[in-house]
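Ligands are counted one by one from 1 in listed order, and the atoms in each one are counted from 1 as well. Please read these numbers as outputs of a predicted model, since none were measured by experiment.
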Amino acid sequence: MIDWKLKETNYDENRIAYLGNKFLIGNGYMGVRGTLAEYEKEHLPAINLAGIYDRVGDGWREPLNAPNGFFTCIVVDGKILRLPEIPPKNHRIELDYRHGIFSRSTTWKTDRGSITVESERFVSMKNVHLGVMKYKVFADFHADVQVVYGIDADVWDINGPHYDSVEFVEDDVLGVVATTHEKHYKVAVSAGDKTNFPCEKKIGTKDKKVLKSINFVTDINASYEIDRYFSVYTSKDCGDCLYESVNDIDKSLLCGYEDAKEVHKETWEALWKDSEVVIEGDDCAMEALNYSLYHLHSIAPRHTDSLSIAARGLSGQTYKGAVFWDTEMFMLDFYSMTNPAVARSLVKYRIDSLEGAKEKAESYGYKGAFYPWESQEGGFDACSDYNVVDVFTKRPMRTFFKDKQVHISSAVVYGIRRYVDITGDKSILSEGGAVTIIECALFYYSLLLRRAGATAYEIHDVIGPDEYHERVNNNGYTNRMAKYTFEKALEILKNINDLSEGERNKINSLYDVNKLIEQFEDAAGNIFIPKPDRNGIIPQFDGYLKLEDTTIDVVKSRLLDPKEYWGGAYGVASQTQIIKQADVVTLISLFSNEIDSEIQKKNLNYYEPRTEHGSSLSACMYSLLYCKCGIPDKAYPFFMKSASADIAPGGKEWAGLVYIGGTHPAAAGGAYMVAIKGFGGLQFNGDEISINPKLPKGWKKLSYKIKYRNKIYQIDITEEKSEIKEIK
Ligand code: IFM
């Protein structure tokens with residue numbers, strides 16, 4: 001059995017950034033990095049907000065970090081005791097990932113005795129604007145203590161500072177109202193507190209912090225407690241965000257710490273009731289998987305009906321807080337099967353950003369909807385032309401992710417269809433989903449090329465999931481997903497009567513439906529899909545199999561600098577068959593029913609040694625395909641790699657001086673897919689579900705619930721028997 005707790009003892013300054021991700025708490029509205037309450041910006045604390053961005057000058061546009069309402073530090077006998085400056089006698093941090101509660105206990109030895117700070121904190125799952133912390137101090141001597149706490153508006157930014165002006169409220173409920181540079185958004189944070197002992201509170205503003213300070217002399221081993229609450233609202237949430245945040249604090253002070261914690265825990269329990277995955281016989285796998293699901297719950301936008309999830313969740317500003325194909329292709333299954341309202345919000349975000357995608361297509365001279373590779377508010381593409389800095393010349397290198405990863409629009413279509421198929425909620429199609437699918441098909445239609453005299457359509461000059469090979473022709477994954485998009489658009493157009501009258505009228509007024517049917521049938525029927533060569537290998541793109549066939553080690557040995565970029569024009573992988581992440585394997589994984597099982601195995605065996613797995617998205621696709629091929633024991637290490645992306649060290653943290661670390665929700669979602677669909681063998685067929693399990697060695701039982709088309713099923717799989725029970 002697992003205890004749902006991660007613990008770290010011993011303090012190591014070099015692990016601050018890593019632990020900030022690993023011990024993250026969040027509620028979909030905000031994510032609070034697992035840093036300590038006394039940390040200031042050089043130690044990367046962040047209260048990262050979902051779906052609100054700012055840009056300063058030529059820097060990358062990135063999500064906002066709110067002023068830190070958890071800031072607290074302690075002064076003992078006139079000396080500030082804080083990490084990392086003052087080494088502790090004992091130190092422990094813990095994450096209860098069943099309930100999203102972070103706690104720490106640190107003891108310092110002073111000349112006069114030992115003093116301990118213990119704190120516990122969470123961001124409420126019930127009221128997503130609210131952060132709550134209990135901060136306790138006790139000593140084995142009569143310590144002269146000052147606790148200083150409040151709101152730190154000197155936030156950590158990668159491409160900031162984002163607040164042009166900051167106003168402070170020096171009142172019993174402290175306040176900060178910060179105004180952003182680009183769009184003049186307001187971010188208001190209020191903070192209130194209650195102590196379990198009488199004390200006088202001094203209030204003041206210093207170093208961009210509005211603070212209270214209290215002084216007391218400790219009785220030996222008596223516990224001095226401060227319950228702290230902060231609330232954050234932005235002008236995207238409401239008209240008067242300061243008023244709303246103060247209101248929250250007033251209510252919280254009345255309700256108290258224990259009640260707030262109880263409600264928060266109950267809300268988490270309700271989430272686990274429908275989503276916990278039990279693996280008997282393998283605690284490591286059960287822990288890694290459920291910890292992954294913890295992250296998916298912590299970043300799920302439950303507070304709105306149209307918002308998606310950034311590639312690094314709510315762990316900070318890396319990857320510009322942007323939404324990639326990660327959401328639809330890797331995370332959406334989890335939400336569709338456990339929390340359909342969240343899945344709907346993810347899908348709705350894409351539908352609501354259709355105009356941005358159409359503008360992007362038009363700017364390149366294409367028709368339809370070309371979705372942003374890195375999507376922010378309103379479908380703004382945050383992907384820059386220069387995403388990598390050349391380590392030798394220090395000059396920005398032109399990359400083509402934004403221009404050429406055209407497979408993103410098919411991911412949007414996949415997301416809409418997958419959501420509808422799993423939840424049975426067709427209403428989304430009449431709320432813009434149908435038009436979105438058609439616009440994506442129009443985009444691919446405008447990309448099609450045909451050589452003189454040929455019948456097949458081709459798509460040239462793209463980047464597939466393997467980002468190392470840029471500007472290739474006929475990437476198999478891209479072409480097959482374009483075909484899929486045509487097929488899904490045809491389903492819409494041929495069943496137009498299934499849509500609401502409003503959506504039907506809209507489609508009839510926007511398009512010549514019969515002409516579109518003819519065009520998309522032609523496109524779907526004639527688009528070139530690469531076939532296996534005589535050895536059974538599907539070429540990733542035109543000419544791929546003629547590239548130098550070498551090994552990852554050889555390619556690595558050619559690096560002149562460990563930070564060199566492997567792809568692009570001069571990358572060490574570009575002229576070789578070494579790829580960054582699953583590409584053909586993703587194609588086969590998605591369309592395995594069209595590909596002979598021997599061919600599937602041959603391609604797995606061929607591509608696996610040639611894949612660097614340089615992206616956390618890669619391992620789960622290999623794992624899924626190994627399961628489909630009936631080789632669960634080969635799937636297992638890839639599953640564990642995916643499930644452990646955030647629990648185990650080893651992910652990339654820095655690129656030169658730029659911090660690129662963060663959590664990996666796509667890997668988390670991928671691990672879920674492997675457990676449920678891969679090892680669990682879950683399949684849908686119309687209204688029916690079935691399972692064809694292939695458990696890895698050591699797994700005695702796999703149990704989980706899923707929601708499918710308004711029903712809830714309990715699935716229990718053991719070596720002896722498998723059972724699907726409808727429970728609602
Ligand atoms: O979407 C991925 C991409 O496939 C590989 N690089 C990182 C992106 C964000 O996770």
(message) Please list, in number order, the atoms of ligand 1 under 4.0 Å from a heavy atom of Lys580.
(response)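 Numbered from 1, ligand 1 contributes 5 (C), 6 (N).
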(request) May I ask you to list the atoms of ligand 1 that are less than 4.0 angstrom from any heavy atom of Ala311? (result)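 Counting atoms of ligand 1 from 1, those under 4.0 Å from Ala311 are 9 (C), 10 (O).
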If the threshold is 4.0 Å, N to carboxylate O, is there a salt bridge linking [X] and [Y]?
X: Lys320; Y: Glu374; result: yes
X: Glu377; Y: Lys236; result: yes
X: Glu182; Y: Arg61; result: yes

(message) I'd like to know if His664 contacts ligand 1, where contact means a heavy-atom distance under 4.0 Å to any ligand atom.
(response)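 Flag not set, His664 not near ligand 1.
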(request) Check each of Asp326, Ile463, Asn387 against atom 2 (C) of ligand 1 and report the one with the nearest heavy atom. (result)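 Looking at heavy atoms only, Asp326 sits closest to atom 2 (C) of ligand 1.
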(message) If you measure every N or O of Trp325 against every N or O of ligand 1, does any of those distances drop under 3.5 Å?
(response)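 So ligand 1 has an N or O lying under 3.5 Å from an N or O of Trp325.
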(message) Please check whether Gln581 reaches ligand 1 - meaning an N/O of the residue sits under 3.5 Å from an N/O of the ligand, judged on distance alone.
(response)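 Yes, there is a polar N/O contact under 3.5 Å.
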(request) Mind checking side-chain hydrogen bond (donor to acceptor under 3.5 Å, both in side chains) for Lys358 and listing every partner two or more places apart, or none if nothing turns up? (result)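 Here no residue qualifies.
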(message) Students should be able to answer this: which protein heavy-atom is nearest to atom 3 (C) of ligand 1, and at what distance?
(response)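 Protein heavy atom with the smallest distance to atom 3 (C) of ligand 1: Glu467 OE2, 3.5 Å.
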(request) Scan Lys641, Glu612, His613, Gln581 and name whichever one has a side-chain hydrogen bond (donor to acceptor under 3.5 Å, both in side chains) with Ser618. (result)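 In the set Lys641, Glu612, His613, Gln581, the residue that makes a side-chain hydrogen bond (donor to acceptor under 3.5 Å, both in side chains) with Ser618 is His613.
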